[in-house]
Amino acid sequence: MSDSPANGADLDALHERVLAWFEENARVLPWRGVDDPWAVLVSELMLQQTPVARVLPVFEAWMARWPTPASLAADPAGEAVRAWGRLGYPRRAQRLHAAAVAITEHHGGEVPSDHAALLALPGVGEYTAAAVASFAFGQRHVVLDTNVRRVLARVLLGQAHPARSLTASERRLADRALPRADAHRWAAASMELGALVCTARSPRCTECPVADLCRWFAAGRPEPDEPVRRSQAWTGTDRQCRGRLMAVLREHEGTVPKVALDATWDDATQRERCLDSLLDDGLVTVHPDGTFSL
DNA sequence: CACCCGTGGGA
DNA sequence: TTCCCAAGGGT
């Protein structure tokens, strides 16, 4: 063992084991192995903060209806928000629609392969740009999501959880852990390991292919002294209120009278504030007759 | 950088 | 039942 978090031999073994494990244990997912960058982009937006199981049915319906960026761009953004259903964070649907418009207008209808071009798309941040470039185009990028961060924190740093915010030091570590060859497979494999084995709660270390290389496991899986996060209040928040309003608007194909929205939330002041914010966000439209729609 | 932005299922 | 948290992004 060297002073650094992992020496070259450790990393070689880590790569080899995780890739071999991935070969045998990778889930079959509809956005994998399809040679369709649009499908990859759609899946990545849907998977932002939303579990795979809930994304699956929405993804299938979405791709059947909008098989290309141009097909989505040709429909109103409100239809995208409606089709998003209850995946949560409906602005992601709005941004995916905006991305489809940008791809249609500026990239000839083809999802760009360039990382910088991807990053410029609405709803695409550092993680998603790297993920699409990696998974859809086989490029070499550090794909640093919550799963990979947790795997690296445990295996290389011996920490139960990654830090609250992503530091430059952590990014350097991930860059150092990225293999020269098969980087895109490492990205997918390390993410999958974090999702299926090296989970946030109740990690399955007995099934882990790299338990004997893991600093956290070697240290006896120590838990941090203080909880890494403070639980956030939910009941009564603007987010809950906005969610109620959006749910009503999704259910109705046409427009919704104000009284239908008023029935969703008792506190009129908060309700009006939230409705205003939804209008500001462009998620809701108000019509001349005073009715509302997506 | 801290905070805001939905939703529902599992422990 | 309460609480955690899931392939983040934008401001």
Side-chain angles (χ1 to χ4, degrees), chain A residues 22 26-27 29-32 39-59 81 84-96 98-99 118-136 141-151 160-168 174 184 186-196 198-204 223-224 227-250 264-265 273-274 277-278 280-284:
Chain A
F22 186 61
R27 290 168 292 182
L29 299 171
W31 47 84
R32 278 186 178 161
V40 175
L41 180 64
V42 170
S43 74
E44 289 301 338
L45 267 291
M46 289 185 173
L47 288 163
Q48 289 171 2
Q49 300 288 284
T50 303
V52 168
R54 223 179 315 155
V55 164
L56 285 170
V58 180
F59 172 84
V81 173
W84 198 254
R86 295 181 297 188
L87 289 183
Y89 293 141
R91 42 180 44 170
R92 290 183 295 159
Q94 189 181 39
R95 289 169 181 159
L96 180 53
L118 286 164
L119 195 55
L121 295 174
V124 176
E126 178 57 42
Y127 159 76
T128 303
V132 173
S134 185
F135 302 149
H141 294 279
V142 173
V143 181
L144 206 46
D145 79 321
T146 187
N147 290 304
V148 178
R149 293 187 68 203
R150 189 172 52 250
V151 169
H161 304 286
R164 175 130 39 304
S165 57
L166 206 169
T167 63
H184 68 284
W186 162 256
S190 55
M191 279 178 66
E192 192 78 339
L193 186 69
L196 299 183
C198 193
T199 53
R201 287 172 297 184
S202 310
R204 300 168 170 82
E223 286 299 323
V228 288
R229 291 179 188 171
R230 191 177 75 253
S231 61
Q232 57 201 8
W234 168 251
T235 304
T237 60
D238 282 7
R239 292 164 75 177
Q240 185 184 31
C241 182
R242 285 166 54 109
R244 293 266 185 87
L245 295 169
M246 289 299 292
V248 170
L249 291 161
R250 272 199 310 270
T264 64
W265 199 262
R273 179 175 70 242
C274 289
S277 73
L278 289 171
D280 284 343
D281 290 345
L283 285 167
V284 176

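Numbers restart at 1 for each chain; the letters A, B, ... are given by sequence-line order, proteins then strands.
As judged by a 4.0 angstrom heavy-atom cut-off over every strand, A/Q240 is placed among residues making no nucleic acid contact. Within the nucleic acid shown, A/V124 comes within 4.0 Å of sugar-phosphate atoms alone, with no base atom in reach, counting heavy atoms only. Nucleic acid contact for A/D238: sugar-phosphate only, since backbone atoms but no base atoms lie under 4.0 Å from a heavy atom of the residue. Within the 4.0 angstrom heavy-atom criterion, only backbone atoms of the sugar-phosphate kind lie near A/R250; the bases stay farther away. Residue contacts shown for A/G125 are limited to sugar-phosphate atoms, with no base heavy atom under 4.0 Å away. Nucleic acid contact class of A/R150 (heavy atoms, under 4.0 Å, all strands): sugar-phosphate only. Contacts of A/L87 with the nucleic acid, taken as non-hydrogen atoms under 4.0 Å apart, include base atoms.
Judged by distance alone, with hydrogens and angles left aside, A/T128 brings no side-chain donor or acceptor close enough to the base of C/dG9 to form a pair under 3.5 Å. Between the base of B/dT7 and the side chain of A/R239 there is no donor-acceptor pair shorter than 3.5 Å.
Checking A/L29 against A/L119, the closest nucleotide of DNA chain C that is more toward the 5' end is the one next to A/L29. Taking the nucleotide of DNA chain B with the nearest heavy atom to each of A/R201 and A/Q49, the more 5' of the two is matched to A/Q49. DNA chain C is contacted by both A/P51 and A/R91; A/P51 maps to the nucleotide lying nearer its 5′ end (nearest heavy atom per residue). Residue whose closest nucleotide on DNA chain B sits further toward the 5' end, between A/T237 and A/S165: A/S165.
Ionic pairing of A/E192 and A/R32 is present here: one or more N-O contacts between side-chain nitrogen and carboxylate oxygen are shorter than 4.0 angstrom.
Put simply, OH on A/Y127 is 18 Å from C1' on C/dG10, counting in whole angstrom units. If you take CD of A/E192 and C1' of C/dA6, they are 14 Å apart, rounded to a whole angstrom. Computed from coordinates, the A/L121 CG to C/dG8 C1' distance equals 15 Å when rounded to whole Å. The separation between A/M246 atom CE and B/dT7 atom P is 8 Å, rounded to whole Å. Whole-Å rounding puts the A/Q94 CD to C/dT11 P distance at 11 Å. Across the protein-nucleic acid pair, A/L245 atom CG and B/dC5 atom P stand 13 Å apart, rounded to whole Å. Here the C1' atom of nucleotide C/dG9 and the CH2 atom of A/W84 are 12 Å apart, to the nearest Å. The separation between A/D280 atom CG and B/dC5 atom P is 13 Å, rounded to whole Å.
Across the P atoms, B/dG6 and C/dC3 are found 22 Å apart, a figure rounded to whole Å. Between C/dG9 and B/dG8, the two P atoms lie 23 Å apart (nearest whole Å). Rounded to whole Å, the P atom of B/dC3 lies 24 Å from the corresponding atom of C/dA7. Nucleotides B/dC1 and C/dG8, compared at atom C1', are 16 Å apart to the nearest Å.
In summary, the side chains of A/R95 and A/Y89 do not present any donor paired with an acceptor at a separation below 3.5 Å, with no hydrogens or angles considered. Side-chain contact check for A/R92 and A/T50: at least one donor-acceptor pair (N or O, by modelled atom type) lies under 3.5 Å. Using modelled atom types and a 3.5 Å distance limit, the side chains of A/Q48 and A/T128 yield a donor-acceptor pair.
Side-chain proximity of A/R86 to C/dG9, C/dA7, B/dT7: nearest is B/dT7. Residue A/A200 has its side chain nearest to C/dC5 when only C/dC5, B/dC5, B/dT7 are considered. In this structure, the nucleotide among C/dA6, C/dA7, C/dG9 sitting nearest to the side chain of A/N147 is C/dA7. Comparing C/dA6, B/dG6, C/dG8 against the side chain of A/Q48 picks out C/dG8 as the nearest. Closest approach to the A/D145 side chain among C/dA6, C/dG8, C/dG10 is made by C/dG8 (side chain taken as heavy atoms from C-beta onward).
Residues A/L47 and A/W31 are in side-chain contact: their nearest non-hydrogen atoms beyond the backbone lie under 4.5 Å apart. The shortest distance between side-chain heavy atoms of A/C274 and A/L245 falls below 4.5 Å. A/R86 is listed as a side-chain neighbour of A/R250, based on a closest heavy-atom distance under 4.5 Å.
Within the structure, every side-chain polar atom (N or O) of A/R92 is placed at least 4.0 Å from both OP1 and OP2 of C/dG10. The side chain of A/R54 contributes no N or O atom lying less than 4.0 Å from OP1 or OP2 of B/dG9.
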